[in-house]
Amino acid sequence: MNKIRILPPHEALKIAAGEVVERPANIVKELLENALDAGATTISLYLEKAGKELIRIVDNGCGMSPEDARLCFVPHATSKITSLDDLETIATFGFRGEALASIAAVSKVTLITRLSTETDLLGTRIAYTAGSILQEETVACPQGTDITIADLFYTTPVRKKFLKQDATELNQITALVNAFCLSNHHVHFKLFHDDKIIINAPAVTNVKDRCAQLWDYTLSEKLLDFTPIQPHPDYLFTMTGYISQPTYYRYGRDQIFLFVNNRWIKNSELTKALIKGYLQVLPQGRFPAGIIFINIDISRVDINVHPKKEEVRFIRPGIVEQQLAASVQQTLEQHTTSMLSFVKTQESRKPFFLSPSGGYGKQDLGTTQGNSVNQGYQNQELSTYTSRQASPIEIGYIQARQSTTFSNSSFRLEKTFHQPTFDTTFFENLNVQQTDFVTISSDELDGTIIGQLFATYILIEHRNELIMIDQHAAHERILYEESMEKFEHKEGVAMLFPEIITLPSGHIELILKEQDFFDHQGIKLERIGERELVIKTSPPRLNNQSIKELIEYAAVFIEEHEHLEQEIFRKELNEHIHSHMACKAAVKAGDVLSLKEMRDLITNLAKTNKRFICVHGRPTIWKIDRFSIEKNFKRR
Ligand code: ADP
Ligand code: MG
């Protein structure tokens with residue numbers, strides 16, 4: 001019944017000894033993999049102090065014989081491999097026989113295990129400390145394995161120092177357990193922290209239901225079936241999964257999970273490729289949800305590059321990234337097309353009857369015949385779309401491509417803004433009249449507001465230049481500098497309807513840790529549940545939705561920047577929060593402005609320090625000189 005063999009030393013040596021155990025999450029990962037390898041269908045994980053004090057995992061898998069229970073702590077003891085050649089083909093998770101040995105070397109381990117095949121009611125209990133068996137006894141226990149890791153790093157106190165705050169360590173574990181839940185939806189997972197249940201995810205039949213279980217019961221409605229594009233002939237692999245609709249977004253990458261051969265991987269390039277698929281769909285700083293499973297022949301990847309097996313090296317990474325981005329685009333495209341065709345059918349039922357008295361100059365056909373003409377036209381339009389595989393989104397891409405060149409050139413301009421080539425006296429010379437209408441008047445005004453373009457840009461004629469100001473970017477800059485100035489002790493206003501927000505477990509702790517800070521910003525928070533906060537006061541100008549987004553945004557930011565020194569961290573958080581608040585409160589692209597508002601905006605912008613870039617680093621101002629305009633008209 002024994003399954004474990006010791007690898008011959010020459011084989012063992014071939015396997016690079018890696019750091020398996022760095023933090024609690026690494027241990028949890030190894031133990032969860034072992035439980036899944038053992039065929040468990042129910043796995044419970046108990047943590048104390050984010051795993052620093054205790055990690056216990058109970059599974060109902062195959063269990064171990066007394067001999068195996070003793071052997072499993074020996075380095076390179078494994079039931080899953082006999083030689084290095086097996087590394088190429090191994091399908092199970094663990095494959096180096098190193099995990100338990102490494103873990104037992106830095107902690108106090110108690111193993112209780114009983115074979116699930118034996119009818120014997122008794123199992124084995126082994127206490128293993130500092131590399132040797134302390135105690136061994138026969139005990140009555142359920143089938144499966146129950147392993148407890150206590151006092152992590154008690155033998156290596158230096159490593160203990162490198163552990164992050166509980167909230168951060170716990171977050172890493174939660175993300176990890178989420179990943180295991182997604183890749184093993186048929187397994188019942190439970191995660192307890194300090195006796196509180198954080199995750200309880202009974203077995204489900206599909207990944208979509210799993211997402212609903214883990215995050216939000218409405219999330220499964222917002223997920224689209226991922227449709228991969230044609231496989232690449234030179235590098236074959238398959239992709240399945242779900243991505244979120246364009247209307248859904250997160251402030252971080254916490255709902256992006258990539259799996260290769262059902263193994264969770266962290267691959268920033270692939271993650272970027274997924275996000276790239278949402279270019280021009282989601283605004284900057286917003287992230288989609290995406291659960292993608294890539295299946296690839298094991299000979300086409302190297303999973304052993306990373307000691308913790310978190311990284312996968314594709315032989316041809318470029319192809320995978322390109323296929324992923326293109327597939328995301330295609331999925332969104334199909335979704336948008338289907339949405340639009342819905343709109344079109346609705347339209348075709350009531351075509352052009354809206355202006356009986358002339359209205360906007362559309363001909364009032366008003367007859368059945370007219371109706372069918374319209375319908376015919378629209379159907380034709382629709383079929384041209386489908387016949388050449390294009391859609392409004394494709395038009396979006398063309399625009400995106402154009403705007404890429406645009407932003408490239410504005411990037412160059414942004415650079416030149418920092419050089420003294422831009423006439424900074426422009427603002428000083430702009431003596432806008434106090435009337436509502438600004439007219440050309442060479443005595444009083446050096447520049448003239450022409451008006452608004454696309455309800456987004458303010459156009460100004462100034463000497464030999466046409467100047468465009470992005471109204472949102474400009475207003476953002478103004479509000480940001482204003483609010484940063486009056487930073488100390490801001491009074492919040494009581495919210496008419498206190499906003500309740502639900503945060504992923506872990507994030508709530510991050511926010512509460514900075515409660516003082518939020519207090520200073522006029523944001524009063526209170527915890528009202530395991531994952532709920534109530535916001536009682538908010539800075540003026542921010543509506544409920546914005547303040548809610550702000551908190552979600554801040555949690556992700558805190559998580560990512562916690563390692564910074566306190567002072568720098570506070571400063572960064574402060575800037576981050578103010579830029580977000582400014583962004584929310586600023587006029588939007590599409591807001592129609594009066595001349596007075598435009599004038600105020602320009603004069604206020606003139607007073608700011610960094611008037612040429614918005615808080616996100618985009619330019620606020622762009623200009624074209626007369627020469628370039630005339631060149632385009634072939635006047636020169
Ligand atoms: P590996 O998983 O790479 O083989 P480990 O050190 O993680 O190495 O585990 C050593 C061996 O202990 C495994 O090969 C397996 O036979 C046994 N084992 C570990 N955990 C369990 C478990 N939860 N249930 C059954 N057997 C286990
Ligand atoms: Mg293992």
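We count ligands from 1, going down the list as the structure has it; atoms in each ligand are counted the same way. If you read the sequence from its start, that first residue is 1, and numbering goes on from there.
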Participant: Is T78 close enough to the Mg ion (ligand 2) that one of its N, O or S atoms comes in under 2.8 Å?
Facilitator: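 No, since none of the N, O or S atoms of T78 sits under 2.8 Å from the Mg ion (ligand 2).
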Participant: Would you tabulate the side-chain donor-acceptor contacts of residues 231-238 under 3.5 Å, counting partners in other chains and residues two or more places apart, or write 'none'?
Facilitator:
{"residue": "H232", "atom": "ND1", "partner": "D234", "partner atom": "N", "Å": "3.1"}
{"residue": "Y235", "atom": "OH", "partner": "R300", "partner atom": "O", "Å": "2.7"}
{"residue": "Y235", "atom": "OH", "partner": "I315", "partner atom": "N", "Å": "3.0"}

Participant: When only distance counts, is D37 in polar contact with ligand 1, meaning an N/O pair under 3.5 Å?
Facilitator: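 Looking only at distances, the answer is no, because the N/O contact criterion of under 3.5 Å is not met.
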Participant: Charged N to carboxylate O below 4.0 Å: is that the case for E509 and R527?
Facilitator: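 Salt bridge present between E509 and R527.
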Participant: Classify the contact between A38 and ligand 1 as side chain, backbone, both or neither, using a heavy-atom distance cut-off of under 4.0 Å.
Facilitator: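 A38 to ligand 1: side-chain contact only, backbone stays beyond 4.0 Å.
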Participant: Do T129 and V109 come within less than 4.5 Å of each other through their side chains, counting heavy atoms only?
Facilitator: no
Participant: Where the closest heavy atom to atom 18 (N) of ligand 1 is concerned, which of E33, E30, M64 has it?
Facilitator: M64
Participant: Answer yes or no: is there a side-chain heavy-atom contact under 4.5 Å between V187 and F180?
Facilitator: no
Participant: Which option wins on minimum heavy-atom distance to atom 16 (O) of ligand 1: G39, S79, G61, A35?
Facilitator: S79
Participant: What atoms of ligand 1 come within less than 4.0 Å of a heavy atom belonging to A99?
Facilitator: 6 (O), 7 (O)
Participant: Is K49 salt-bridged to D194, going by a charged N under 4.0 Å from an acidic O?
Facilitator: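 Not counted as a salt bridge, because no side-chain N and carboxylate O are separated by less than 4.0 Å.
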Participant: Salt-bridged, R125 to E136, with N to O below 4.0 Å?
Facilitator: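 The answer is no: the pair does not qualify as a salt bridge.
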Participant: Is it true that W264 and F257 have ring centroids separated by less than 6.0 Å?
Facilitator: yes
Participant: Please work out, at 4.0 Å between heavy atoms, whether the side chain, the backbone, both, or neither of L100 comes within that distance of ligand 1.
Facilitator: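 It is both parts that get close, each with some atom under 4.0 Å.
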Participant: What do we get for L31 next to ligand 1 when only non-hydrogen atoms under 4.0 Å count, side chain, backbone, both or neither?
Facilitator: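 Neither part.
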Participant: By number and element, which atoms of ligand 1 are closer than 4.0 Å to a non-hydrogen atom of C72?
Facilitator: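 In order of number, 12 (O).
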